[in-house]
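Working notes, structure below.
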Amino acid sequence: MVDSELKDIVQFDRQKPDVYGNAHPKSLLRSIMEDGKHLEKLTNQHVYSSDQFDRKTLLQLFRLAAKYEANPGRFSTSLQGQILISAFYEPSTRTRLSFESAWHRLGGDIMSITDRSTTGIAKGESLSDVAEMFNNYGDCVVLRDSNEGSVKEMMDTLRVPIINAGNGLDEHPTQALADLYTIFKWRPELIEEHPKDPIDICIIGMPSKMRTVRSLLKLIAKFPKAFSKVTIIANEEESSVFNRDQQEQLVKAGLNIAVTSAFAETIQFADVVYINAIAWEGDTFKEYGTKYKLSNQSALKPDAIILHPLARGEELCTSLDVTPHNWYFAQARGAVFLRQALLTCLVRRAERVLDII
Amino acid sequence: MVDSELKDIVQFDRQKPDVYGNAHPKSLLRSIMEDGKHLEKLTNQHVYSSDQFDRKTLLQLFRLAAKYEANPGRFSTSLQGQILISAFYEPSTRTRLSFESAWHRLGGDIMSITDRSTTGIAKGESLSDVAEMFNNYGDCVVLRDSNEGSVKEMMDTLRVPIINAGNGLDEHPTQALADLYTIFKWRPELIEEHPKDPIDICIIGMPSKMRTVRSLLKLIAKFPKAFSKVTIIANEEESSVFNRDQQEQLVKAGLNIAVTSAFAETIQFADVVYINAIAWEGDTFKEYGTKYKLSNQSALKPDAIILHPLARGEELCTSLDVTPHNWYFAQARGAVFLRQALLTCLVRRAERVLDII
Amino acid sequence: MVDSELKDIVQFDRQKPDVYGNAHPKSLLRSIMEDGKHLEKLTNQHVYSSDQFDRKTLLQLFRLAAKYEANPGRFSTSLQGQILISAFYEPSTRTRLSFESAWHRLGGDIMSITDRSTTGIAKGESLSDVAEMFNNYGDCVVLRDSNEGSVKEMMDTLRVPIINAGNGLDEHPTQALADLYTIFKWRPELIEEHPKDPIDICIIGMPSKMRTVRSLLKLIAKFPKAFSKVTIIANEEESSVFNRDQQEQLVKAGLNIAVTSAFAETIQFADVVYINAIAWEGDTFKEYGTKYKLSNQSALKPDAIILHPLARGEELCTSLDVTPHNWYFAQARGAVFLRQALLTCLVRRAERVLDII
């Protein structure tokens, strides 16, 4: 390899042009008045379901996330002395590194468990006993398990907070929090009581099969006036698109829900397009909606933003990465700050970072 | 799920009623005069076998553990700058997290190896060369290996201390230290030269098959006057209950040893009931004494305490968890502080925490 | 086991006689004038290939490594707040612990990935997306992958530096840096423009099959006047010993290259004997040159030093460990300091440790 070729390969830029939605933590910060009172309830709660969060707590969480994102190096000792037990029994690198990065940045320590077979569970130990062990060794737990009931079973015995980082097909609350945080960073005015310009969100995915989608819809239901329309695009039987009465609950919350398989016709009117194709079922995954593909040839509104929980496959073409529609990288980046905010509250360190508490 | 159900599920208490033997570090602290001289010998020793510890060193170790347990946040920089190599070649989460939590709480850093197949051993590298590598990369090693001879082989080359965290069927010295620490926290007067009320301890398990039991009996033998009787309950041939001449050594040390299969008759007189049913043999485990079960229906002395190294199965019923007999959770919790004490001495940081040294 | 036997087994010395080439960081420090200007180019480069380094940058890197090695405890906060992503998709403990120890000693935090199957790659995620994820979660990446093209593919998207810790059969640049650092610590005068006593180096290994050898030869080519002769000892077809035009490049750089299978005749004239027998190919390894064995019976020059990247097998007999020829343990120890120097520069923390920058 000649020197100039090598130089091209090894040199890199730390900055990239701002197509990643970088510029908005400060707008959101200015839009929400800090009030730590609404975060107090998080000091003795596990994080299990998106259902737990009311509007005021959500806004304070988003404000704290924005504060972290706007001042990334300032709070590097907030979690000093705290130990996180990072238990990923279902394979993951993305979510695990997101949580671990969040915790490290705030000065905490981590113990990782990435192999379920090394735990006492392999010896027939009960989840209740595993929880009691965690009580003695750590200050906070993050758990991802393809077994849907594990996290709830542990919650009965835990005396330190646990975050559900994905339990089977059920929920993934922190992903949903990160997604809604991203939407509000993009359009802070949507948090008002009566937003002047509510948005049209289109979700390509299956709430009944994708915990990220199910959790996100629950959060969207807390801000019904921010969303003029919520359309699910799926090419399955409509009766299988939702489960556990979710459709009824969303309608009851005041959302205008539609289900369709008409992809191109729908996305052209969407302000936010959320897409996901992979649903994990135990140790394997299944793809849904593979005929739906977004690319830079898709007819989107010029200002539309695209969200994807990642990892992505062919459904979200890389040609979109360099367009202003790309808010999915900002979504991943912002997720770290959102998790920082949540973790700080759960382990009762909010008083180290909030001015008003 | 309705809101009130959800609230019940996600809320938790950080405190639980004290059935966990929480209250005793201070009594033990007051009963032992600090004297760091007896810990000096630990500055150039590996921790291989319970046989290494004499009475005075044990008391100082227990005192230091009690000091840590009584003041959990005070010594958070004792191990700053020190690196632990946490090598668990035999599956474990409980012991690994116990050691790692102990090390993190004191401000140290950790490198974990949880998969034997990633090491040079897979390439045919000698344990001596692995030890030389550890000399260059860490300050202390903790090793669990189903291969009984690994730890001793490494000790020949290591120039940093190694702790045997379980070697095949042989020993598990730190578990035994934690167990005896728990007994003395419960009854500090047993450490006296001539205790007025020595106790009756009943061990349901097989010293020949369970390294936790074998190691504990060795430590008990250092305090023969504290134990009026030591009864092993096993339903195997008496000649197979002990091995490696342990029974003779215990008798020689002055213990009153009995072996029986009569469970109900024996436990009703015991002050301490220690139970374990699982013996690991390589990558699999075998259960012993499965007809022996303790529950809240068992006829125990009202003041009797139960110990179990955990993980437990059906031999120790959860109905006992909420009774005052439950000292097995305190045992697990105390093990972290005991390991802190030992690790501190091994890496020559005792002068940072002892007043008299 | 009787007490005295046990005492012998468990006691250890922290110091060993200096046969490990301990004494030379200071000589090298004195031989090179510090000039941070030549390290600036490392602030926006990935570390992919030995080809990237010019002579002046190498000397400053070696000086910084020597500074770290001469003052091991002094710079314990240089990497505070920095997160390393330690990704070892190909099994390794030695190189992983070497990097992680280096990073911990300087106060940084680490997230480890040791199982490729837990990453999104298992879900079909592109390496480019994995790189974008790393951009958001860490400050520096170290990657070992049996897939030769992975690191280069990630480099296109990464906005944080990545170090190639071994990519298939291609390169292992930091091992080569550590090897040359060791040679210059042993003979600092070799760094001069016109060394008075250039040395004869003999390499027992296959550059075409061993990335450590290939990378080292590239660095040796930057100091052609330091090496009077470079002899490759291999018992394969001469045409298969080199590949990718390496032999031509080395000759062009001014090195006097020879290839032979005559082992005993050649090593007796060598000043440095570098030996390696194992070549990893994917998940398995193959041994080359197994008839070549060094032992304390080998006819070496009295002052000759032996280097080996480790892990070793029968090709390097343990009888040499206690002889002054043993510089392979010093090589492993020095590698930590060399990696500290490189990592410090890559994450732009050199200004915290250099006087002249």
Side-chain angles (χ1 to χ4, degrees), chain B residues 41-54 80-85 87 108-126 128-139 151-152 154-162 164 173 244-245 249 346 348, chain C residues 1-3 5-16 20 72-73 76-77 86 88 90-105 107-110 112 114-115 278 280 283-285 287 308 310-314 316 318 321 328-337:
Chain B
K41 66 171 66 81
L42 294 177
T43 59
N44 65 344
Q45 279 194 15
H46 301 299
V47 174
Y48 176 61
S49 159
S50 284
D51 286 330
Q52 296 170 233
F53 299 94
D54 59 54
Q80 204 162 52
Q82 298 277 317
I83 296 177
L84 177 71
I85 297 173
D109 298 302
I110 298 176
M111 304 190 297
S112 298
I113 308 170
T114 52
D115 186 352
R116 203 177 199 269
S117 69
T118 63
T119 67
I121 297 164
K123 300 182 201 178
E125 189 170 27
S126 70
S128 174
D129 279 1
V130 174
E132 187 61 53
M133 164 173 64
F134 287 176
N135 287 340
N136 288 327
Y137 300 155
D139 300 299
V151 61
K152 197 180 345 169
M154 294 186 67
M155 278 159 54
D156 286 341
T157 308
L158 281 169
R159 285 175 281 136
V160 296
I162 186 167
N164 173 14
R244 308 191 198 191
D245 304 323
Q249 291 160 14
L346 292 178
R348 298 179 295 175
Chain C
M1 193 187 309
V2 301
D3 274 357
E5 277 179 31
L6 182 60
K7 205 165 178 183
D8 282 342
I9 288 168
V10 302
Q11 276 191 321
F12 69 95
D13 293 315
R14 290 175 187 276
Q15 301 296 331
K16 268 218 181 137
Y20 301 109
S76 57
T77 59
S86 169
F88 280 77
E90 187 193 288
S92 159
T93 293
R94 182 174 287 280
T95 304
R96 178 169 73 85
L97 292 200
S98 181
F99 271 105
E100 294 192 4
S101 183
W103 193 267
H104 275 309
R105 292 294 189 202
D109 298 305
I110 299 176
S112 299
T114 53
D115 185 353
I278 289 173
W280 277 89
D283 291 335
T284 67
F285 61 90
E287 290 185 62
H308 190 309
L310 300 174
R312 67 162 150 186
E314 291 182 7
L316 177 58
T318 57
D321 294 0
Y328 36 94
F329 289 165
Q331 182 186 6
R333 190 176 64 245
V336 179
F337 301 106

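Just the heavy atoms: all of them, side chains too, but no hydrogens, waters or symmetry mates, feed the values below. Just so we're on the same page: letters track the sequence lines, and every chain starts at 1.
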*asked:* For B:Ile162, which atoms come within 4.5 Å of any heavy atom of chain C: side chain, backbone, both, or neither?
replied: neither
*Residues in salt bridge (Lys or Arg N to Asp or Glu O under 4.0 Å) with B:Arg244, at least two apart?*
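In terms of salt bridge (Lys or Arg N to Asp or Glu O under 4.0 Å), with neighbours along the sequence ignored, B:Arg244 is linked to B:Glu148, B:Asp170.
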*asked:* Below 4.5 Å, heavy-atom pairs only: which of B:Arg348, B:Met155, B:Gln82 has the largest tally toward chain C?
replied: B:Arg348
_chain C interface, residue from B:Ile85, B:Asp245, B:Thr114, B:Ile110 that has the most non-hydrogen pairs under 4.5 Å_ = B:Ile110
*Ion pair C:Arg14/B:Asp139, N-O distance below 4.0 Å*: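 Salt bridge flag = no for B:Asp139 with C:Arg14.
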_Listed partners of C:Ala335 passing side chain to side chain contact (heavy atoms under 4.5 Å, CB included), at least two apart_ =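 Side chain to side chain contact (heavy atoms under 4.5 Å, CB included) check on C:Ala335 returns C:Ser98, C:Ala178, C:Arg339.
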*asked:* Walk me through whether B:Asp156 and B:Ser128 qualify under side-chain contact (heavy atoms from CB on, under 4.5 Å).
replied: CA-CA 7 Å; B:Asp156 286 341; B:Ser128 174; over 6 Å; no
